[in-house]
Amino acid sequence: MKEVRTRFAPSPTGFLHVGGVRTALFAWLVARQNNGLFILRIEDTDQAREVQGSADHIQESLQWLGLDWDRGPGKDGDCGPYFQSQRLGIYKEWAQKLVDKGRAYADPYTPEEVQAFRDKAIAEKRPFLFRDHRPENPPAWDGTKPLRLMSEPKSYEWHDEVLGDLKTGPEVVDDFILMKSDGYPTYNFAHIVDDHLMKITHVIRSQEFLASVPKYLNLYEALEIERPLLATAPFVMGPDGKKKLSKRDGAKDILDYGREGYLPDALVSFMATLGWNDGSEQEVFTRDELISKFKLDRVQRSGAHFDERRLLWANGHFIRALPLDVLFAKVKDFWPNESETYDDNYKKRTLGLVQERMKYFAELPDLTKFFFKDLPVNPSLWQDNKQLKKLDPTEVKSLLETAKSSLEQSDFSTDNLKERLNTLLASTGQKPAVLFGLIRIATTQSPASPGLADTLAVLGKEVSLRRIDNMLAVL
RNA sequence: GGCCCCUUCGUCUAGCGGUCCAGGAUAUUGGGUUCUCAUCCCAAAGAUCGCGGGUUCGAAUCCCGCAGGGGUCACCA
């Protein structure tokens, strides 16, 4: 059987966002599940739009997600180089083949003249076709004029791995530009040549290219090369709009998710299920599950809105599933500054308490800050508390003093603390909401914390009692 | 405007002629887990399956129209 090869072919015009990365993920999954090759090719044929550093940025993004490539920058092999700007000779050679066969010709018009043709077509509400203006005696192609395909308009029927059987009439096949006047190929030409030379078996790309497929089919024939399987991924759409996700309306750099403490596995599972499912009720997938279960023909045909709340849920799910030691290693850059003086064991204990509360790592400082420093006493915490505001200040004070004297006798093990808190509940006759709420506020100066006994056990006797005293001082 | 793609709860989706007066997840709301937040569990609410015709004993599912949305018609990818 033929070796499966897929590719991701971004142009280095900026960062990668969820929309683009999902297409890469689909291609990567197809390669991995077939023990094939995943190739990264940088399509830098537009010098004007190229953004410095973005090729590196794109590679970093894929690496962070764990979408490793077998051929591409830094991974030589049988079909490099992998920057199109380093393959100009190849395109020229293939272009010349078409010229020699009479299947390509130099475009003699100025851009202004072509634009005039186009304007006329638009004014007449017709689609613009360059082949209506094919010159009778085109000049020889010397590389300074655009080179166009001499198309052979005809109807096409083809199969798309996602969309099924498709067909169009000859009206969409046109003499598109193969080589620009700056000597660079167009995407339309370069990707066909490269996919062929790199032996790509599955071309997986997003919807905006669908309308161009008949042109590509025409070019495959002109070049006399076999066409690969074609698959069209639907758009990932913005959260509210009807348009595809774009940098303009706030799509985030995929690396920002890393910076905020999202897990690559969560992103991968989430992106895969944005437009794909295995037909079961499974909502979350490991990487290996995706590799074995992913099928192009189960990819959704319609676009899917990108809802970050669902990603948030998925990320929390993956965080909770992590063994504590693994999670601990992953959050090492997210601790609050005050934690520096604390040892790993202490940090690990606090992490264990907030693990199920954390949706992404950037929340860690907020969730844990009171474990590392005394927060200023904040009267509004008990004055505005639903339960505690019913008590008058002297009651609050005496209740806290009672609690303190009991806790003073505790060894601050979780078990002992639980026992004492229960005893206090009975002896004071207070509801847990009142008593526990008060002790929580005194010891954390925060409206919310992990379970009280657990929290006190981690804080320890000295810190807990000190904080209670701090609060008593202002009551 | 031509051509092409799409259309099930707010969102992601299951569904491929009967078991669907449409299932799951998320989000929302309520309840439970001795307290808060979270987790977990339970429950509620939420889709006249874009609309109209057909075919059929029976249609979200098949056929035909229509509408709406999107893409494309670049020396951008």
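Predicted model, so just to flag it, every value in this text is computed and none were measured.
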Inset, instruction - Assess Arg227(A) against Tyr220(A): is NZ or CZ under 6.0 Å from the centre of the six-membered ring, and within 45 degrees of the ring's axis? - result: no
Legend entry - Rounded distance in Å - CD (Glu171(A)) to C1' (rG1(B)): 13 Å
Legend entry - Distance, rounded to the nearest Å, where Glu208(A) contributes CD and rA74(B) contributes P: 15 Å
Inset, instruction - Determine the Euclidean distance between corresponding P atoms of rG2(B) and rG65(B); express it in Å to zero decimal places. - result: 15 Å
Inset, instruction - Determine: side-chain N/O of Arg320(A) to OP1/OP2 of rC40(B), distance under 4.0 Å, yes or no. - result: yes
Inset, instruction - Ignoring backbone atoms, establish whether Arg309(A) has a side-chain N or O less than 4.0 Å from OP1 or OP2 of rC12(B). - result: no
Inset, instruction - Considering just the side-chain nitrogens and oxygens of Thr186(A), establish if one lies under 4.0 Å of OP1 or OP2 belonging to rA77(B). - result: no
Inset, instruction - May I ask you to say what Lys145(A) touches in the nucleic acid, namely base, sugar-phosphate or nothing, with a heavy-atom cut-off under 4.0 Å? - result: nothing
Inset, instruction - Look at the aromatic rings of Trp276(A) and Phe294(A) and report parallel, tilted or perpendicular, splitting at 30° and 60°. - result: tilted
Inset, instruction - For nucleotides rG52(B) and rU72(B), find the distance between their P atoms and express it as a whole number of Å. - result: 32 Å
Legend entry - N or O in side chain of Lys180(A) less than 4.0 angstrom from rA77(B) OP1/OP2: yes
Inset, instruction - Would you mind telling me which of rC4(B), rG23(B), rG2(B) lies closest to the side-chain atoms of Pro127(A)? - result: rG2(B)
Legend entry - Rounded distance in Å between the P positions of rC9(B) and rG23(B): 13 Å
Legend entry - Atom-pair distance (NZ on Lys242(A); P on rC6(B)), nearest Å: 18 Å
Legend entry - Whole-angstrom distance between rU48(B) and rC63(B), as gauged at atom P: 23 Å
Inset, instruction - Assign each of Asn277(A) and Ser449(A) to its nearest nucleotide of RNA chain B by heavy atoms, then name whichever residue's nucleotide is nearer the 5' end. - result: Asn277(A)
Inset, instruction - Quickly work out the Asp278(A) CG to rG24(B) P distance and round it to whole Å. - result: 17 Å
Legend entry - Under-3.5 Å donor-acceptor pair between Asn385(A) side chain and rU36(B) base: no
Legend entry - Any Arg298(A) side-chain N or O less than 4.0 Å from OP1/OP2 of rG15(B): yes
Legend entry - N or O in side chain of Lys359(A) less than 4.0 angstrom from rU39(B) OP1/OP2: yes
Legend entry - Aromatic contact, Tyr257(A) with Phe270(A) (centres under 6.0 Å): no
Inset, instruction - Provide, to the nearest angstrom, the distance between the CG atom belonging to Leu245(A) and the C1' atom belonging to rG71(B). - result: 16 Å
Legend entry - Nearest-angstrom distance, P atom, rG46(B) to rG53(B): 26 Å
Legend entry - P-based separation of rU61(B) from rA25(B) [nearest Å]: 25 Å
Legend entry - Rounded distance in Å - CZ (Phe270(A)) to P (rU11(B)): 14 Å
